[in-house]
Number of protein chains: 2
Amino acid sequence: MADTPDAEPSIEEQIAAYQREFQDLDPQVEQIVSALGRLNRRMNVAYNRQTAALDLTNAEWEVLKALVLSGAPYRLGPGELARRLGLTPAAMTHRIDRMVAEGLVTRDRDEANRVRVIVEITPEGREKWLDAMRLASVFEEELLQDLDGGERNKLGEVLTRLLRRVEDAQPDAEGRLADLD
Amino acid sequence: MADTPDAEPSIEEQIAAYQREFQDLDPQVEQIVSALGRLNRRMNVAYNRQTAALDLTNAEWEVLKALVLSGAPYRLGPGELARRLGLTPAAMTHRIDRMVAEGLVTRDRDEANRVRVIVEITPEGREKWLDAMRLASVFEEELLQDLDGGERNKLGEVLTRLLRRVEDAQPDAEGRLADLD
DNA sequence: GCTTCGAAGTTTAGCTCTGAAGTCTTACGA
DNA sequence: TCGTAAGACTTCAGAGCTAAACTTCGAAGC
């Protein structure tokens with residue numbers, strides 16, 4: 001038994017290892033959970049590459065996404081952005097600093113209420129977001145191409161049901177993780 | 001239009017916003033992708049809370065998991081661990097430093113080949129992993145309790161199919177992200 | 001046997017995030 | 001109208017990561 005160049009166990013190997021080390025586990029449940037987690041990681045790698053090709057970081061893409069999806073006039077405060085992206089206001093301050101320097105957004109004091117700050121997307125930022133969306137939508141369609149209409153429908157419905165259950169179970173946890181929708 | 005306390009748009013609102021801002025998008029595809037991403041985030045928050053309750057970080061849990069799943073004698077080198085967890089060798093060095101200090105693993109030079117280092121789980125580390133697994137398996141079973149056997153079967157199969165497609169499409173990307181299986 | 005190359009880990013510099021403390025503005029009550 | 005409190009954002013210190021330089025050991029060639 002020399003050195004095996006095993007980079008990462010396959011999903012099947014991993015399930016088998018779980019069975020070996022922890023019998024109280026339903027293999028079917030573990031199959032779903034493992035595949036879900038790993039699929040998500042792989043997709044994030046793909047998104048990362050796509051945004052990088054546009055000279056964009058995933059962090060910046062998230063901010064642009066939140067601004068666009070907020071609707072016209074495409075403005076939000078740092079605090080509101082931080083809540084939507086699931087990070088602290090401090091982190092938001094730094095992200096905005098960088099994005100202002102790159103011309104993706106502007107930051108101004110709200111003259112009507114000088115405590116507030118307004119972050120607004122620039123035309124350049126909007127264009128970048130569109131480019132990223134075009135790449136993402138192609139990738140997503142390719143990803144799902146093996147699923148027929150009925151399967152897609154069912155998958156969307158089941159995932160939404162699971163999501164609802166998790167959200168009901170955790171009113172609003174203290175844990176914070178990056179946004180990745 | 002005063003201040004709305006909107007913390008995070010619902011999945012349905014988000015799909016609607018996508019339709020409004022980017023018509024080239026299949027709502028069904030977006031439903032799947034958004035629900036997938038958000039579900040994963042929520043699950044990670046739950047795992048985070050569970051491991052924190054055991055005085056463990058998610059990072060430490062990942063290392064313990066890799067060691068246990070590698071099978072007896074539950075040893076791996078730092079480089080191998082880094083590959084399996086999807087992070088750099090440098091990060092692995094630091095993680096192991098902390099975990100050795102906490103008594104979760106041991107680190108020794110391989111006397112047969114003094115370039116190599118052997119990281120091995122301690123009985124305390126193994127016990128912690130078991131505690132974490134018990135919590136996780138209860139949570140996972142609760143999460144899926146609304147799905148009947150047929151649905152679980154189908155979901156596992158479909159997710160595995162998607163995973164295979166992503167892995168085939170990206171031989172071995174340069175992007176690195178945290179492991180979260 | 002010495003030298004050179006390559007592989008495995010560690011160290012260093014720099015970045016981004018969190019949590020806590022600090023600043024500034026507005027709102028409210030005496 | 002003045003002082004105090006509350007809210008929004010920023011600043012600061014510290015944790016954990018990446019990329020790249022560095023160190024050490026073992027293997028191959030001359």
Side-chain angles (χ1 to χ4, degrees), chain A residues 2-5 7 41 44-45 48 51-52 56-63 75-102 105-119 173-180, chain B residues 2-5 7 41 44-45 48 51-52 56-63 75-102 105-119 173-180:
Chain A
D3 50 325
T4 41
R41 266 195 300 144
N44 287 337
V45 171
N48 261 320
T51 51
L56 212 59
T57 67
N58 258 11
E60 292 166 342
W61 186 37
E62 287 172 18
V63 175
R75 294 180 197 159
L76 290 173
E80 184 57 33
L81 279 169
R83 269 189 298 279
R84 297 199 185 199
L85 270 56
L87 37 82
T88 61
M92 208 58 236
T93 294
H94 299 317
R95 275 201 195 180
I96 295 169
D97 288 346
R98 286 171 253 147
M99 294 180 71
V100 167
E102 295 178 64
V105 300
T106 58
R107 166 162 48 189
D108 294 293
R109 285 218 162 266
D110 182 349
E111 287 306 325
N113 181 344
R114 299 185 45 74
V115 173
R116 290 172 181 281
V117 167
I118 296 175
V119 177
E174 76 285 351
R176 339 201 107 246
L177 271 102
D179 184 87
L180 293 166
Chain B
D3 50 325
T4 41
R41 266 195 301 142
N44 286 337
V45 170
N48 261 319
T51 50
L56 213 62
T57 66
N58 258 12
E60 292 166 341
W61 186 37
E62 286 171 19
V63 176
R75 296 181 196 158
L76 290 172
E80 184 57 34
L81 279 169
R83 269 189 299 279
R84 297 199 184 198
L85 270 54
L87 38 81
T88 61
M92 208 58 236
T93 294
H94 298 317
R95 276 200 194 181
I96 294 170
D97 287 347
R98 285 172 252 145
M99 293 180 71
V100 167
E102 295 178 65
V105 300
T106 58
R107 167 163 44 189
D108 293 293
R109 285 219 162 267
D110 182 350
E111 287 307 325
N113 180 343
R114 299 187 46 73
V115 173
R116 290 174 182 279
V117 168
I118 296 176
V119 177
E174 76 284 351
R176 335 200 110 247
L177 270 102
D179 183 87
L180 294 164

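So that the names make sense, note that chain A is the first sequence line, chain B the second, and so on, each numbered from 1.
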*For A/Thr51 and A/Asn58, which heavy atoms make the closest approach, and how far apart are they?*
OG1-OD1, 3.0 Å
*Residues two or more places apart in sequence or in another chain: which of them pass salt bridge (charged side-chain N to carboxylate O under 4.0 Å, His left out) with A/Arg98?*
none
_Among residues at least two apart in sequence or on other chains, which ones pass salt bridge (charged side-chain N to carboxylate O under 4.0 Å, His left out) with A/Arg109?_
none
*Are A/Arg107 and D/dA8 close enough that a side-chain N or O sits under 4.0 Å from OP1 or OP2?*
no
What is the distance, rounded to the nearest whole Å, between atom [atom1] of [X] and atom [atom2] of [N]?
X	N	atom1	atom2	value
A/Asp108	D/dC9	CG	C1'	15 Å
B/Asn58	C/dT18	CG	P	15 Å
B/Leu85	D/dG16	CG	C1'	14 Å
B/Glu80	C/dA8	CD	P	10 Å
A/Ile118	C/dT25	CD1	P	16 Å
A/Asn48	D/dT18	CG	P	12 Å
A/Arg116	C/dC24	CZ	C1'	14 Å

*Excluding sequence neighbours, so at least two apart, what forms side-chain contact (heavy atoms from CB on, under 4.5 Å) with B/Ala59?*
B/Thr57, B/Arg95
*Atom CG of A/Leu56 and atom CD of A/Glu102: how far apart are they, to the nearest 0.5 Å?*
8.0 Å
*Out of curiosity, B/Ile118 CD1 to B/Glu80 CD, how far, rounded to the nearest 0.5 Å?*
13.0 Å
*asked:* The criterion is side chain to side chain donor-acceptor pair (under 3.5 Å); which residues satisfy it with A/Asn113, sequence neighbours excluded?
replied: none
*By side chain to side chain donor-acceptor pair (under 3.5 Å) - contacts of B/Arg107 (at least two apart)*: B/Asp97
*What does nucleotides 23-28 of chain D look like as a protein-contact string, B for base, S for sugar-phosphate only, - for none, at under 4.0 angstrom between heavy atoms?*
--BS--
*With side chain to side chain contact (heavy atoms under 4.5 Å, CB included) as the test, would you mind laying out the steps for A/Val100 and A/Thr106 before giving the verdict?*
CA-CA 6 Å; A/Val100 167; A/Thr106 58; 5.9 Å; no
*NA contact type, A/Pro78, heavy-atom cut-off 4.0 Å: base, sugar-phosphate, or nothing?*
sugar-phosphate
Would you tabulate the pairs of protein nitrogen or oxygen atoms and nucleotide nitrogen or oxygen atoms of nucleotides 12-17 of chain C closer than 3.5 angstrom?
from: C/dC17; atom 1: OP1; to: A/Arg95; atom 2: NE; distance (Å): 2.8
from: C/dC17; atom 1: OP1; to: A/Arg95; atom 2: NH2; distance (Å): 2.9
from: C/dC17; atom 1: OP2; to: A/Arg98; atom 2: NH2; distance (Å): 2.6

